[in-house]
Amino acid sequence: MRVIRAAKVLTGRPGEEIDGGEIAIDGSEIVSVGPRGSAGEDGEILDLPGHTVLPGLIDAHVHLGFDADVDPVTRRSRESDHHLLLRMAENARKLVSAGVTTCRDLGARGFLDVALRDAVEEGLAVGPHIVAATRPITITGGHCWYMGGEADDEPAIRRVARENLRAGADCLKVMASGGLMTPGAPPSWTQQYTTEQLRVAVEEAASRGKGVAAHAHAHAAIRSAVEAGVATVEHCTFLTPSGHRFDRELADFVAASGTYVCPTLHGVFWRMSKVHGQQMIDDWLASVAGLREAGVRLIAGTDSGFANAGVANPTDGYVAGLEVFASVGCDNAEVIELATVRAADACGVGEVTGSLEPGKRADLIAVAGDPLARLSDLRNLALVLVSGRSVTQTGVDTVTVSVG
């Protein structure tokens, strides 16, 4: 048994903190959480004065395998699956180096996310636990069509959903609206699927005890996704041809449904303002603030792996995204909650991770300082455990990886 002691333990549950606390771990599982000395003096003891221990962070929206080099005409990648899988493994290592112990990969080609997920679980690769969505379901020529999940009607949606689930998908991803990254596809402010079509994906996922994440920028797409019963709405930007137009009535509808929203806040907003203009960024963040004020359950996810107008969103920039939540009114305790226990529940893994409780996986981090006082202290990683296995990556140089 291992016992980790720290100046403070945050369980992940709102308001639960233990000054001078400790966590006892047996193999991959937490066996006790309590005040110093509660687990006894037997076993290996790691004492971390001046540190805070908290649940491992969760990134509910990543793309470990976005193509590095996609042809602008054919949208085909010249990168082989073998090379892409190795790059995905490096991205996973970078993600865990930022303290992320669980991520939800919401779009990958060739079921490579399933292969990487299994390799991490077997200890063959260093990375977080991966909740894999595999191929996004989209219309022919729609947003991210080149990942292989095209489906235009209910039978086709059902077929692609079942193929994804057969291949080992942990959840499904559906493109309820268009997007910005696929030339020739419908724009973000248009709806790609009706409520009835989206409900087919939800039914197929539910038949296996799984949920659906819906990419939705447009007002109509957001409403249809919620009506269909998706687990999470991704982005939820209230986008129109003239920009972001927050709709309080729609936000109230989302809040009343209990649907989680991952607004995909990331740390490159401020650099994007130089490309898109500060007003666009301000309107986007005002919509996030409006969702919070309406009582919508927000979760943390960075959409890492994309590049917008030449601005890359790095895999290991997770904490910067949390700091954006602080800029829209969240206090530090709320930010930690939406990055841990709430995100775990939204991703369907709340029974096994997201909080420090006996019987759950030993997914945790230790940081120097106190993130309740300073979110930036989350960068001061001293320890990262994934199912009890130390994967701390301090001092490891990384290479710059281009993204598409």
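Count residues from 1 along the sequence.
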After noting the C-alpha distance and the side-chain angles of Asp370 and Arg374, does the key distance pass the salt bridge (Lys or Arg N to Asp or Glu O under 4.0 Å) rule? CA-CA 6 Å; Asp370 181 3; Arg374 297 167 300 277; over 6 Å; no
Step by step, would you call Asn164 with Ile137 a side-chain contact (heavy atoms from CB on, under 4.5 Å)? CA-CA 9 Å; Asn164 286 356; Ile137 302 173; 4.3 Å; yes
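Distance CG/Leu322 to CG/Leu338: 7.0 Å, rounded to 0.5 Å. Annotation: the span from Ser97 atom OG to Leu95 atom CG amounts to 7.5 Å, rounded to 0.5 Å.
The residues Glu41 and Arg5 are annotated as salt-bridged, a charged nitrogen and a carboxylate oxygen being separated by less than 4.0 angstrom. Using a 4.0 Å cut-off between charged side-chain N and carboxylate O, Arg109 and Glu79 make no salt bridge. Using a 4.0 Å cut-off between charged side-chain N and carboxylate O, Arg87 and Glu90 make no salt bridge. Ion pairing between Arg159 and Glu163 holds under the 4.0 Å rule for side-chain N and carboxylate O. Ion pairing between Asp113 and Arg117 fails under the 4.0 Å rule for side-chain N and carboxylate O.
Shown are Ile336, Val9, Thr11; of these, the side chain to side chain contact (heavy atoms under 4.5 Å, CB included) with Leu54 is made only by Ile336.
Counting only residues at least two apart or in different chains, salt bridge (Lys or Arg N to Asp or Glu O under 4.0 Å) contacts with residues 54-64 are absent. The salt bridge (Lys or Arg N to Asp or Glu O under 4.0 Å) pairs that include a residue from residues 261-270 number zero, where partners must be two or more places apart or lie in different chains.
Listed here is the closest heavy atom pair of Leu285 and Ser327: CD1-OG, 4.4 Å. Nearest heavy atoms, Ala161 versus Glu204: CB-CB, 3.9 Å. For the residue pair Leu57 and Thr340, the shortest heavy atom distance occurs at CD2-CG2, 4.2 Å. In plain terms, the two heavy atoms of Val230 and Ala214 that are nearest each other are CG1-CB, 3.9 Å. Here the closest non-hydrogen pair linking Pro186 and Gly141 is CD-O, 4.1 Å.
Between Phe246 and Phe238, the ring-plane angle classifies as perpendicular under the 30° and 60° cut-offs. Ring pair His235/His61 is tilted by interplanar angle, where 30° to 60° counts as tilted.
Panel note: side chain Gln191, backbone Ser224; no donor-acceptor pair is recorded below 3.5 Å. With hydrogens and angles disregarded, a donor-acceptor distance shorter than 3.5 Å links the side chain of Asp331 to the backbone of Glu334. For the pair Arg135 (side chain) and Gly148 (backbone), a donor-acceptor distance under 3.5 Å is present. Counting only distance, with no hydrogens or angles, the side chain of Arg379 and the backbone of Val319 share no donor-acceptor pair below 3.5 Å. When atom types are taken as modelled, the side chain of Asp81 and the backbone of Leu112 share no donor-acceptor pair closer than 3.5 angstrom. Between the side chain of Glu150 and the backbone N or O of Gly142 there is no donor-acceptor pair closer than 3.5 Å. A donor-acceptor pair under 3.5 Å links the side-chain atoms of Tyr193 to the main chain of Ile139, judged by distance alone. Checking side-chain atoms of Lys173 against main-chain N and O of Leu106 turns up a donor-acceptor pair under 3.5 Å. With Glu234 contributing its side chain and Thr264 its backbone, the two residues share no donor-acceptor pair below 3.5 Å. Proximity of a side-chain donor or acceptor of Lys360 to a complementary backbone N or O of Gly350 within less than 3.5 Å is detected.
Taking a 6.0 Å sphere around CG of Asp19, one finds it holds more than 12 heavy atoms contributed by other residues, nucleotides or ligands. Counting heavy-atom neighbours within 6.0 Å of Gln278 CD, excluding the residue itself, gives a total above 12.
Arg104 has its side chain within reach of Cys171: a pair of non-hydrogen atoms, C-beta onward, lies under 4.5 Å apart. Between Pro263 and Phe325 there is a side-chain heavy-atom pair separated by less than 4.5 Å. Between Ser390 and Leu383 the shortest side-chain heavy-atom distance falls below 4.5 Å. Within the 4.5 Å cutoff, the side chain of Pro371 has heavy atoms near those of the Leu10 side chain. The shortest distance between side-chain heavy atoms of Leu46 and His51 does not fall below 4.5 Å. Proximity of Arg162 to Arg208: side-chain heavy atoms (C-beta onward) are separated by under 4.5 Å at one or more points. Contact of the Cys262 side chain with the Val233 side chain is not registered, since no non-hydrogen atoms from C-beta on lie closer than 4.5 Å. In this structure the side chain of Leu364 never reaches within 4.5 angstrom of the side chain of Thr101, judged on heavy atoms.
Here the two rings, on His219 and His217, have centers that are 6.0 Å apart or farther.
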